[in-house]
Amino acid sequence: MKYFSNILMNLPEFTKNLLSWNQFSNSRQMPWKGETDPYKIWLSEIILQQTRVEQGLAYYEKFISRFPKVQDLAMAQDAEVFKYWEGLGYYSRCRNLLATARWVAFENKGHFPPDYEGLLKLKGVGPYTAAAIASFAFGEPRAVLDGNVFRVLSRYFGINTPIDSLTGKKLYAQLAQALLPTDQPGAYNQAIMDFGAVVCKPQAPLCSACVQQTDCEAYRLGVVGDLPVKEKSIKKRTRYFYYFLLKWNNQYYVRQRGGGDIWQDLHEWVLIEQAEPLATDPSIYRNLLKKYLGTAKLKQLRVGEEVRQQLSHQTIIGRFITAELTIPLSTETGYQLLSPDALSKLAFPRFITAFSPRL
DNA sequence: AAGCCGGGGAT
DNA sequence: ATCCCAGGCTT
């Protein structure tokens, strides 16, 4: 490979310059920085998976305040923890968070596994998170490989191997590990991620003020904006969700969503999904609900405006329809009646918290 | 190896 | 609209 000699030549230089930048120019401050409590490291890392620091920060503070130790999280009810996670997305993280907290607290005497291999066995903990906890909490020399690291290394060394290919992942993992100074793995891992977030950013990187500029292969070739290379592009699909906010006896029908789809474990109103968009005509919605209603009638039916939410892989378009029932629905519908007070303790997807009419 | 899983900010 | 974010799990 053409960049092989370049890597060998610049390997010590890269690490030296990065640590120097970290010491003198890195002002990035975060509450978990310098933390060595594996519980807090773990919690922050799970929250930050595919999530911006600015977005995860408030959630971290809320969780630490309510669940200061892993035992507090382990003993909490699922519903309360999901309520704390509400709005953060990727809800399987929350389910795995609970499973791991309970395993650590109840099956492992409150201790997190003290090394990379042990951490990797935890639910929701993959190669990145295991390396982060191992290096930050236990000083183990494991290089983290996240979006920042991919970007920094691909640009500095001019690597155009796709980061989402198997060979790319292997290559970057080896390179990252080779660059890691074994005497301060935590500080280095923190530094390279800070550097990627603050200087070597995805868009508009601060090359003119970059301490690595003279050694950066992508800068020399003028291809900073083209790296890193990704080969897979996501294709989106559009779905039409019609939510019925059905009221009876001052209570509302709700259910918990199952697996195999978005928003797993979160709650929702009576949902009828359509393949095509629907107009506002109220008769359309009365007909849609017929299979659930039996002899019940709808009063005060109101059809809301069309709303939409963009997810990573899906576009959700829909409406909220409110109505009162003359008699309750059959229990076989799978929906249960809950009071507004009970509903306020449940977690709902953003699509509902953002667009659903007030109770 | 490929597909799926959220929500938000920047461009 | 598109990209990307301190990725991981399932098939």
| Do any N or O atoms from the side chain of A/R93 and from the backbone of A/L88 form a donor-acceptor pair under 3.5 angstrom? | yes

Between A/E54 and A/Q264, the residue closer to the 5' end of DNA chain B by nearest nucleotide is A/Q264

Whole-Å distance, A/L119 CG to C/dG7 C1', equals 15 Å

Any A/S44 side-chain nitrogen or oxygen under 4.0 Å from OP1 or OP2 of C/dA6: no

Against the side chain of A/S312, the closest entry in C/dA6, B/dA1, B/dG7 is B/dG7

Lys NZ or Arg CZ of A/R319 over A/Y242 ring: under 6.0 Å, within 45°: no

Per atom distances to the A/R151 side chain, the nearest of C/dG8, C/dC5, B/dG7 is C/dC5

Check your understanding: For A/K170, does the NZ atom have more than 12 heavy-atom neighbours from other residues, nucleotides or ligands under 6.0 Å away?
Key -> no

When rounded to whole Å, the CD to C1' distance for the pair A/Q314 and B/dC4 reads 9 Å

According to a strict under-4.0 Å criterion, is A/R350 in side-chain N/O contact with OP1 or OP2 of B/dG8?
yes

So, is A/W85 near the phosphate of B/dG6, with a side-chain N or O under 4.0 Å from OP1 or OP2? no

To the nearest angstrom, the OH-C1' distance between A/Y90 and B/dG8 comes to 12 Å

note: A/R28, atom CZ; C/dC5, atom P; distance rounded to Å ~ 12 Å

Between A/P349 and A/K201, whichever has its closest DNA chain B nucleotide further toward 5' is A/P349

Check this for me: does the side-chain of A/T51 come within 3.5 Å of the base of B/dG6 through a donor and an acceptor? yes

- Would you kindly check whether a donor in the side chain of A/S92 faces an acceptor in the base of C/dG8, or vice versa, at under 3.5 angstrom? no

Among the nucleotides B/dG3, C/dA6, B/dG7, whichever has the atom closest to the side chain of A/K235 is B/dG3

Quick one: is A/R52 getting a side-chain N or O under 4.0 Å of the B/dA10 phosphate, OP1 or OP2? no

Side-chain contact check for A/M193: nearest option of C/dA6, B/dC5, C/dC9 is C/dA6

Notebook entry, point to check: Is there a side-chain polar atom (N or O) of A/K232 under 4.0 Å from OP1 or OP2 of B/dA2?
Noted result: yes

Exercise. Does NZ in A/K109 sit with more than 12 non-hydrogen atoms of other residues, nucleotides or ligands closer than 6.0 Å?
Worked result: no

Exercise for review: Record whether the side chain of A/Q55 comes under 3.5 Å of the base of B/dG7 through a donor-acceptor pair of N or O atoms.
Suggested key: yes

- Item | Modelled atom types, side-chain donor and acceptor of A/Q264 and A/R257, under 3.5 Å | no

Exercise. May I ask you to check whether over 12 heavy atoms, not counting those of A/E305, lie within 6.0 Å of atom CD?
Key: no

To the nearest angstrom, the CG-C1' distance between A/N148 and C/dC5 comes to 8 Å

Review point. Is there a donor on the side chain of A/Q50 or the base of C/dA6 sitting less than 3.5 Å from an acceptor on the other?
Key: no

With the side chain defined as heavy atoms from C-beta on, A/Q203 is closest, among C/dG7, B/dG7, B/dT11, to B/dT11

